[in-house]
Asker: 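One structure is given below, represented as structure tokens, and several questions about it will come after.
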Protein chains: 2
Amino acid sequence: MDKTAAIFKEFLKGRGLKFTPERKAVLREVFSLHRHFDAETLYQELYRKKVRISRASVYRTLPLLVKSGLIAETLRCQGKTSYEHIYGHGHHDHMLCIGCGKVIEFRSEKIEKLQNEICRRHGFKPVEHRLGIKGYCRECQRKIKMKKKLPLDSAE
Amino acid sequence: MDKTAAIFKEFLKGRGLKFTPERKAVLREVFSLHRHFDAETLYQELYRKKVRISRASVYRTLPLLVKSGLIAETLRCQGKTSYEHIYGHGHHDHMLCIGCGKVIEFRSEKIEKLQNEICRRHGFKPVEHRLGIKGYCRECQRKIKMKKKLPLDSAE
DNA sequence: ATTGAAAATGAGAATAAATCGCAATTAAAA
DNA sequence: TTTTAATTGCGATTTATTCTCATTTTCAAT
């Protein structure tokens, strides 16, 4: 059994919850995917692989995985909740291009440190955080300069 | 005419959009509210005040206000998009207590600076950012210590 | 192994948030 | 004014997610 399963099982046991085949399947699929995903995508992917578990179970399992600390919700992008791995995937923050949707991941030790310091000052025990910066990537900045009429999404 | 209206009007004119009474009403209501709000709340509030504009118009106007820079989406909290003022309300980040839902606002000049620096390095032009830290406030940390069976939301 | 209680499941109905289509209306530039 | 593109309201629709509940399953204690 791999490490993530052990963690999840442990988490579940601690709260009197069960490590069912369905939950196992979701966990497995989650960690076979790379990058961000949402509940529906995961369900479809499982379906494609002939793993027949209900949407409801997928929707019920993902929040448990979040609470177990294995995954986290990402910044909300287009109306649906999306997730990313935490386990085995060092923490990082995001830049999100408003123009083309590109995601740039980054990590700043200094920012992390400052955050922790601020939390300490407030007596706050941080569990998880998200920093998302919206803006325009290099390419989209160039594109925008060439338009006459300002597009709705222009930064200017 | 107040400053926010001037800004919004200007923004709209620049893209060939119109400063209609409905948009004016939404803008007005937005800035009469304090703290976070969502589309439905705003609609209800307007309805209560006998300002009869359709939900659709509210939903259509809020994104425009975001694009104008007057307001911003907040961290997603419970499935619906919520907003907060930007104009006249200095930017701030959030700590969100998982236990009781309390929101602590804070601002760190140092973090802001670091963010800008990182963006520069990536050729990214930031427009807006959100930093949200989830965790447990002082009180909830105390409460948790006293429980036997771990609640679903426990940090441990 | 058996059992029993609590928890989980699937299927689809239900809800909630947000968007869309369209005919009628309106803002604002000419 | 006139004109024209933009906007409105309404309700229908879509999309995401949650809920209901009868049935099944897990797991700890026999």
Side-chain angles (χ1 to χ4, degrees), chain A residues 1 5 8-27 29 36-47 50-68 73-83 148-152, chain B residues 1 5-6 8-27 29 36-47 50-68 73-83 149-152:
Chain A
M1 175 157 54
F8 194 34
K9 193 171 182 177
E10 171 77 5
F11 166 85
L12 292 170
K13 185 149 44 173
R15 320 187 183 224
L17 305 180
K18 293 164 183 174
F19 190 47
T20 64
E22 289 80 7
R23 286 175 180 167
K24 207 175 298 195
V26 169
L27 174 69
E29 187 56 31
H36 303 174
F37 61 91
D38 58 70
E40 181 63 19
T41 304
L42 200 74
Y43 171 76
Q44 293 296 342
E45 200 50 34
L46 285 166
Y47 192 92
K50 314 258 189 265
V51 180
R52 294 299 147 88
I53 77 176
S54 71
R55 260 192 195 77
S57 289
V58 173
Y59 273 102
R60 286 186 286 228
T61 302
L62 291 174
L64 291 173
L65 285 170
V66 169
K67 284 168 189 146
S68 79
E73 286 188 17
T74 59
L75 272 188
R76 178 193 212 186
C77 290
Q78 335 86 9
K80 53 190 161 184
T81 305
S82 77
Y83 301 89
K148 269 160 270 247
K149 186 176 177 182
L150 296 180
L152 251 187
Chain B
M1 176 157 51
F8 194 34
K9 192 171 182 177
E10 170 76 7
F11 166 84
L12 293 170
K13 185 149 45 174
R15 328 200 166 210
L17 305 180
K18 293 165 183 173
F19 190 47
T20 64
E22 289 79 6
R23 288 176 179 166
K24 206 175 300 197
V26 170
L27 173 70
E29 188 57 31
H36 303 174
F37 61 92
D38 59 69
E40 182 63 20
T41 303
L42 199 74
Y43 171 76
Q44 293 296 341
E45 201 49 35
L46 285 166
Y47 191 91
K50 315 258 189 265
V51 180
R52 294 299 147 90
I53 77 177
S54 72
R55 259 192 195 78
S57 289
V58 172
Y59 274 103
R60 288 185 285 228
T61 302
L62 291 174
L64 292 173
L65 286 170
V66 169
K67 285 168 188 145
S68 78
E73 286 187 17
T74 59
L75 273 189
R76 176 195 211 184
C77 290
Q78 337 84 7
K80 53 190 163 184
T81 305
S82 77
Y83 301 89
K149 187 177 177 184
L150 297 179
L152 250 189

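Note that the structure is predicted; figures quoted are calculated from it, not measured. Below, all heavy atoms of this structure are taken into account, side chains as well, without hydrogens, waters or symmetry copies. Quick note on labels: first sequence line is chain A, next is B, and so on, each numbered from 1.
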Asker: Whole Å only: how far is the OH atom of B:Tyr47 from the C1' atom of D:dG9?
Answerer: 14 Å
Asker: Distance check needed: C:dT25 P versus B:Ile53 CD1, whole Å only.
Answerer: 19 Å
Asker: Just the rounded figure in Å: distance from P of C:dT26 to NZ of B:Lys24.
Answerer: 15 Å
Asker: What's the CG-P distance between A:Leu62 and C:dT9, to the nearest Å?
Answerer: 12 Å
Asker: For the pair made of CG in B:Asp38 and C1' in C:dA16, what is the distance, rounded to whole Å?
Answerer: 11 Å
Asker: I need the B:Leu42 CG to B:Leu62 CG distance, nearest 0.5 Å.
Answerer: 6.0 Å
Asker: Are any of the side-chain heavy atoms of B:His36 and B:Tyr83 separated by less than 4.5 Å?
Answerer: no
Asker: State the OG1-CG distance between A:Thr61 and A:Leu12, to the nearest 0.5 angstrom.
Answerer: 9.0 Å
Asker: Spell out, as yes or no, whether a donor-acceptor pair under 3.5 Å connects the side chain of B:Arg23 to the backbone of B:Lys18.
Answerer: yes
Asker: Using 30° and 60° as the class boundaries, would you call the ring planes of B:Phe8 and B:Phe11 parallel, tilted or perpendicular?
Answerer: parallel
Asker: To the nearest Å, how far apart are B:Glu10 CD and C:dA28 C1'?
Answerer: 15 Å
Asker: Indicate whether OP1 or OP2 belonging to D:dT7 is found under 4.0 Å from a side-chain N or O atom of B:Arg23.
Answerer: yes
Asker: Is the distance from OP1 or OP2 of C:dA8 to the nearest side-chain N or O of A:Ser57 less than 4.0 Å?
Answerer: no
Asker: With a 4.0 Å limit, can you tell me whether B:Tyr59 has a side-chain N or O closer than that to the phosphate oxygens OP1/OP2 of C:dA18?
Answerer: yes
Asker: Over how many whole Å does the gap from B:Gln44 atom CD to C:dA18 atom C1' extend?
Answerer: 15 Å
Asker: For each nucleotide in nucleotides 19-28 of chain D, reading 5' to 3', give B when a protein heavy atom comes within less than 4.0 Å of its base, S when such contact involves only the sugar-phosphate, and - otherwise.
Answerer: BB-----BS-
Asker: Distance from B:Leu46 atom CG to B:Glu22 atom CD, nearest 0.5 Å?
Answerer: 11.0 Å
Asker: Would you say that B:Lys24 contacts B:Phe19 through its side chain, given a criterion of any heavy-atom pair below 4.5 Å between the two side chains?
Answerer: yes
Asker: Quickly work out the B:Arg15 CZ to C:dA28 P distance and round it to whole Å.
Answerer: 16 Å
